[in-house]
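Presented below is the structure to which this report refers.
Keep in mind that the numbers below use all heavy atoms, side chains included, and drop hydrogens, waters and symmetry copies. We count residues from 1, following the sequence as given.
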Amino acid sequence: MPIIMGGKMGDPQLAQDSIKNGSIDFVGLARPLLTDPEWPNKVMKNREEQIRPCIGCHDGCLQRIFNHKPISCSVNPACGREKIYNIEKALEPKRVIVIGGGIAGLESARVAKLAGHEVKLFEKSDQIGGHIYEAAAPDFKKADEKLLDWYRVELERLAVPMYLNTAIDKDSKELDDAQAVIIATGSVPVRLRNIEGIDEPQICSADDILLAKKPVGDDVVIIGGGLVGCEVALWLKNQGKQVTVVEYLSKVMDGGADTNWANKSMLLDLMEEAQVNIMTSSKFVGYKNGHAHIETANGIEQIVADNVCIAVGYSSVNDLHDEILSRGKDTYLIGDARKVSNIMNAVWDAYEVARNI
């Protein structure tokens, strides 16, 4: 009986190998064609590196269906409205500066270049990608890294110059000739203050753990039960760590709309299966003598903690926007720098701004 396989078959090598080794007879694609409708043509022309990857976030497809909205794609904003929302050449090409090499900055540079503008991108660190690196650290999030690889290929193909280790301020000479400036300076982890022991070396951020900036012991307490906190918890638990998630609200992953139902329910099921300890309606009040002090309805509990990971969200970095605006430049604030959210917000925000410059 012929077998058609669908579901997470968007990797051309996986699809090809599965057919060649006789596991399946046909590959069925749905979400990958929302992300890149040219998938089959690029495969046939041996241009697989140019395929924009589906990252499995479900925010632009399934979640929009659940919310009674037209289907689209988080990383392909034109999906479903191609005739009215494609990129058209600008009537007056401009010199555009993009500040920040995260996903929002990369997407805005790509779109502005396709629109015919002269584009330069500046990133203060030694690599592009922003928060993608920590987001893609867990083995179940590797698709995010593929998206970054695609942006590298596209910006190189479009000959967009990227200047790394280059910090831009309002007095930078690079801004002198710019006719439009896109601020994509991203966000930083929220730091807790006025808590006993908060400055101890055992206290770290989710970024510190995901990027291996700090050693992680066997017992970890994670403060914050949002998407980031829960993903870090599952990742560490799968490594054999003892993990406790502490959430101030009555439920984990219940504080916002950043995670769609499909991914949220799967993550909760995986955490339950892995037996991640979860404490809700609880508050982190201090760290002392290797123990996290947690305030609960029954009083203060002390939990053994080699590390306490703070994962209570991110805050925008946008001071540069007003400073550059004061120079009389057309200035646009996008992505996390405008509003902390997810990859879909970063891509859609950047696409909308860049195509209208």
Side-chain angles (χ1 to χ4, degrees), residues 4-10 27-40 51-88 102-104 107-108 110-111 131-132 135 140-141 143-144 146-147 150 187 224-231 234 247 249-272 280 313-314 316 332-356:
I4 302 175
M5 178 63 189
K8 304 299 287 184
M9 295 299 291
V27 169
L29 300 177
R31 289 170 296 173
L33 296 183
L34 298 177
T35 306
D36 194 333
E38 292 297 315
W39 193 103
I51 294 175
R52 178 164 33 193
C54 169
I55 61 174
C57 67
H58 297 121
D59 293 318
C61 52
L62 289 183
Q63 190 60 32
R64 285 178 63 83
I65 294 174
F66 297 153
N67 292 338
H68 309 291
K69 296 179 179 179
I71 194 169
S72 190
C73 174
S74 293
V75 296
N76 179 15
C79 175
R81 44 184 174 171
E82 290 83 0
K83 289 186 177 181
I84 62 172
Y85 205 54
N86 260 330
I87 302 167
E88 298 181 357
I103 292 300
E107 175 68 0
S108 63
R110 182 188 76 89
V111 174
H131 291 305
I132 280 292
F140 47 85
K141 293 290 292 293
D144 288 2
K146 291 182 179 180
L147 179 63
W150 177 78
S187 59
L227 174 63
V228 174
C230 288
E231 286 184 343
L234 178 62
E247 171 55 48
L249 300 176
S250 60
K251 297 179 181 178
V252 294
M253 299 182 68
D254 198 43
D258 282 351
T259 305
N260 64 78
W261 177 85
N263 290 33
K264 175 181 175 179
S265 61
M266 175 59 74
L267 183 53
L268 291 175
D269 286 347
L270 291 172
M271 291 174 65
E272 181 180 3
T280 55
Y314 293 79
S316 298
Y332 306 89
L333 189 65
I334 65 171
D336 272 10
R338 184 180 66 83
K339 178 185 177 182
V340 175
S341 187
N342 52 21
I343 287 179
M344 178 174 172
N345 177 75
V347 173
W348 283 40
D349 210 12
Y351 188 93
E352 171 68 17
V353 167
R355 72 184 290 270
N356 283 295

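For R31 (side chain) and C61 (main-chain N/O), no donor-acceptor pair under 3.5 Å exists by modelled atom type. In this structure, N345 contributes its side chain and V340 its backbone to no donor-acceptor pair below 3.5 Å. Looking only at distances, a side-chain donor or acceptor of R52 sits under 3.5 Å from a matching main-chain atom of T35. At distances below 3.5 Å, at least one donor-acceptor pair connects side-chain atoms of N260 with backbone N or O atoms of A262.
Within 6.0 Å of CD in E272 there are 12 or fewer heavy atoms belonging to other residues, nucleotides or ligands.
Here N356 pairs with E352 under the side-chain hydrogen bond (donor to acceptor under 3.5 Å, both in side chains) rule; sequence neighbours left out. For K146, the salt bridge (charged side-chain N to carboxylate O under 4.0 Å, His left out) criterion is met by D11, not counting sequence neighbours. For F140, there are no ring-ring contact (aromatic ring centres under 6.0 Å, His included) partners, not counting sequence neighbours. Legend: residues meeting salt bridge (charged side-chain N to carboxylate O under 4.0 Å, His left out) with E107, ordered by chain and number and at least two apart, are R110. Checked against ring-ring contact (aromatic ring centres under 6.0 Å, His included), H131 has the following partners two or more places apart in sequence or in another chain: Y314. Judged as a salt bridge (charged side-chain N to carboxylate O under 4.0 Å, His left out), and not counting sequence neighbours, the contacts of D349 are R338.
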Show your working on side chain to side chain contact (heavy atoms under 4.5 Å, CB included) between M266 and H58 and close with a plain yes or no. CA-CA 12 Å; M266 175 59 74; H58 297 121; over 6 Å; no
